[in-house]
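We number each residue from 1, following the sequence as shown. All heavy atoms count here, side chains included; hydrogens, waters and symmetry mates do not.
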Amino acid sequence: MSTHVKHRLLLLFFACTTFYIGHEMKKWMASKQVVQFEFLRTQAHADALTSSAVWQSQDSEGRNSSDRLRQATYLDFLYIISYSGLFIFLAYTVLGHRQPLVKTLTRVVLLAGLCDLAENICLLQILNGGRGWYPAVMFYFASLKFGLLAVFVVWLLIVAGLRVRKKMKIK
């Protein structure tokens, strides 16, 4: 089996797992609520959110928002691996494995994944009652993660667009 075929199969695998894990995470808590929590900046904001009546209200199975977010975060550890693999093999598929840019884009995705990992650790600490510097550090890592992923997407789209444009001019 050629490398190109392997990359496409891995791309398909990671696309399916990313979709599945993301779907399962949304069963625990909506993405909007997770992002809202990730961008808490201060101990006061964390206290205000986690002590609010909405946050403390329980679902039909007796779980409050902290319980649901905790479960979604455990799944997010798998999601990090999945979306990182998806983006890396997307870059390989779109740009080819010989492109030096693919190595740079891979590093960007891996760094975003590490930021997501650090963010999850801070998030779990906050849910378990830790405050202090955790909200600020979580905000920093969430911002860096989303920024790096945006850079990846924009960079990949620009380079892919330039490659398509170049191929169209040749023909």
Side-chain angles (χ1 to χ4, degrees), residues 1-42 45-46 69 71-126 133-171:
M1 186 181 307
S2 74
T3 304
H4 190 67
V5 172
K6 288 178 186 176
H7 285 166
R8 287 186 180 210
L9 288 174
L10 285 167
L11 176 63
L12 179 62
F13 170 76
F14 283 116
C16 290
T17 57
T18 300
F19 175 79
Y20 178 75
I21 296 168
H23 179 72
E24 291 299 308
M25 287 170 59
K26 287 179 185 173
K27 288 180 182 178
W28 289 101
M29 183 165 271
S31 300
K32 184 178 179 179
Q33 290 174 300
V34 174
V35 171
Q36 178 187 12
F37 195 91
E38 290 171 341
F39 283 98
L40 295 173
R41 287 185 177 192
T42 66
H45 288 118
L69 181 55
Q71 291 303 317
T73 303
Y74 293 145
L75 283 173
D76 193 41
F77 287 107
L78 292 174
Y79 193 66
I80 294 166
I81 296 166
S82 186
Y83 79 70
S84 296
L86 172 64
F87 287 162
I88 290 167
F89 285 104
L90 180 63
Y92 273 102
T93 301
V94 171
L95 303 176
H97 68 284
R98 293 187 191 111
Q99 295 282 340
L101 180 57
V102 172
K103 289 182 180 181
T104 301
L105 289 174
T106 297
R107 290 182 186 115
V108 168
V109 169
L110 292 176
L111 184 56
L114 289 173
C115 288
D116 202 353
L117 177 69
E119 170 199 309
N120 283 354
I121 292 168
C122 290
L123 190 150
L124 290 171
Q125 290 296 322
I126 294 167
W133 51 269
Y134 289 117
V137 172
M138 183 176 64
F139 173 83
Y140 170 78
F141 281 118
S143 300
L144 190 54
K145 170 191 74 175
F146 285 117
L148 288 166
L149 292 175
V151 165
F152 171 85
V153 170
V154 169
W155 206 346
L156 185 65
L157 288 173
I158 289 170
V159 173
L162 291 173
R163 290 187 79 204
V164 167
R165 184 175 173 200
K166 184 178 178 181
K167 284 183 181 183
M168 291 177 81
K169 283 185 178 183
I170 293 173
K171 294 180 180 184

*Asks:* Measuring from atom OG of Ser2 to atom CZ of Arg8, what distance do you get when rounded to the nearest 0.5 angstrom?
*Replies:* 9.0 Å
*Asks:* Minimum heavy-atom separation for Arg41 and His45, please, with both atom names.
*Replies:* N-ND1, 4.2 Å
*Asks:* Should Leu86 and Thr17 be marked as a side-chain contact (heavy atoms from CB on, under 4.5 Å) after you check the CA-CA gap, both sets of side-chain angles, and the distance that decides it?
*Replies:* CA-CA 9 Å; Leu86 172 64; Thr17 57; over 6 Å; no
*Asks:* Between Phe39 and Phe139, how do the two ring planes meet: parallel, tilted or perpendicular, split at 30° and 60°?
*Replies:*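 Phe39 vs Phe139 ring planes: perpendicular.
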*Asks:* Between Thr73 and Asp76 (side chain of the first, backbone of the second, donor and acceptor by atom type, cut-off under 3.5 Å), is there such a pair?
*Replies:* no
*Asks:* Mind checking the CZ-CD1 spacing from Phe141 to Ile121? Nearest 0.5 Å is all I need.
*Replies:*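 Here the rounded value is 9.0 Å.
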*Asks:* Compare every heavy atom of Ala91 with every heavy atom of Leu156, then report the nearest pair and how far apart it is.
*Replies:* CD1-CA, 4.0 Å
*Asks:* Which distance, rounded to the nearest 0.5 Å, do you find between the CD1 of Ile88 and the NE2 of His7?
*Replies:* 10.5 Å
*Asks:* Shortest non-hydrogen contact from Leu148 to Ala112?
*Replies:*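 That closest heavy-atom pairing would be CD1-N, 3.7 Å.
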*Asks:* Under 4.5 Å between any side-chain heavy atoms of Val154 and Ile158, yes or no?
*Replies:* yes
*Asks:* For a quick test of reading the model, state the closest non-hydrogen atom pair linking Ala160 to Leu95 and the distance between them.
*Replies:* N-CD2, 4.4 Å
*Asks:* State, with a plain yes or no, whether a side-chain heavy atom of Ser84 is found less than 4.5 Å away from one of Ile81.
*Replies:* no
*Asks:* Any non-hydrogen side-chain atom of Thr106 less than 4.5 Å from a side-chain atom of Phe87?
*Replies:*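 No - every pair of side-chain heavy atoms lies 4.5 Å or more apart.
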*Asks:* First locate atom CG of Leu117, then atom CG of Leu110, and finally report the distance between them rounded to the nearest 0.5 Å.
*Replies:*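 Separation between the atoms: 12.0 Å.
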*Asks:* Can you check side chain to side chain donor-acceptor pair (under 3.5 Å) on Tyr79 and Asp116, steps first, answer last?
*Replies:* CA-CA 10 Å; Tyr79 193 66; Asp116 202 353; over 6 Å; no
*Asks:* Taking the side chain as everything from C-beta on, heavy atoms only, tell me whether Met25 gets closer than 4.5 Å to Gln71.
*Replies:*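 Answer no - side chains too far apart.
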*Asks:* Decide yes or no on side-chain contact (heavy atoms from CB on, under 4.5 Å) for Leu157 and Val153, but give the supporting numbers first.
*Replies:* CA-CA 6 Å; Leu157 288 173; Val153 170; 3.9 Å; yes
*Asks:* Run Leu69 and Trp28 through side-chain contact (heavy atoms from CB on, under 4.5 Å) and show every step you take.
*Replies:* CA-CA 7 Å; Leu69 181 55; Trp28 289 101; over 6 Å; no
*Asks:* Just wondering, do Val94 and Val102 contact through their side chains at under 4.5 Å, heavy atoms?
*Replies:* no
*Asks:* For a side-chain contact (heavy atoms from CB on, under 4.5 Å) check, start with the C-alpha distance between Val108 and Leu149, then their side-chain angles and the critical distance, and finish with the verdict.
*Replies:* CA-CA 8 Å; Val108 168; Leu149 292 175; over 6 Å; no
*Asks:* Minimum heavy-atom separation for Cys122 and Met138, please, with both atom names.
*Replies:*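 That closest heavy-atom pairing would be CB-CB, 3.7 Å.
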*Asks:* Flag the pair Leu9 / Phe89 as yes when at least one side-chain heavy-atom distance between them is below 4.5 Å, and no otherwise.
*Replies:* no
*Asks:* Parallel under 30°, tilted from 30 to 60°, perpendicular over 60°: which one fits the rings of Phe19 and His23?
*Replies:* parallel
*Asks:* Taking the side chain as every heavy atom from C-beta outward, state whether Tyr134 and Leu40 have any atom pair closer than 4.5 Å.
*Replies:*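 When only atoms from C-beta onward are counted, Leu40 and Tyr134 do not touch, as no gap falls below 4.5 Å.
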*Asks:* Are the side chains of Ile80 and Asn120 in touch, meaning some heavy atoms are under 4.5 Å apart?
*Replies:*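 SC-SC contact between Ile80 and Asn120 confirmed.
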*Asks:* In terms of heavy-atom contacts, does CZ of Arg163 have more than 12 from other residues, nucleotides or ligands at under 6.0 Å?
*Replies:*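 Counting other residues, nucleotides and ligands, CZ of Arg163 exceeds 12 neighbours.
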*Asks:* For the OH atom of Tyr83 and the CG atom of Leu78, what is their distance to the nearest 0.5 Å?
*Replies:* 12.5 Å
*Asks:* List the atom of Leu144, the atom of Cys115, and the distance in Å for their closest heavy-atom pair.
*Replies:*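 Of all heavy-atom pairs spanning Leu144 and Cys115, the closest is CD2-SG, 3.4 Å.
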*Asks:* Decide if atom OH of Tyr140 counts as having more than 12 heavy atoms of other residues, nucleotides or ligands within a radius under 6.0 Å.
*Replies:*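 Open.
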*Asks:* Nearest 0.5 Å please: distance from the CG atom of Leu123 over to the CZ atom of Phe37.
*Replies:*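 Spacing of CG (Leu123) from CZ (Phe37) equals 5.0 Å.
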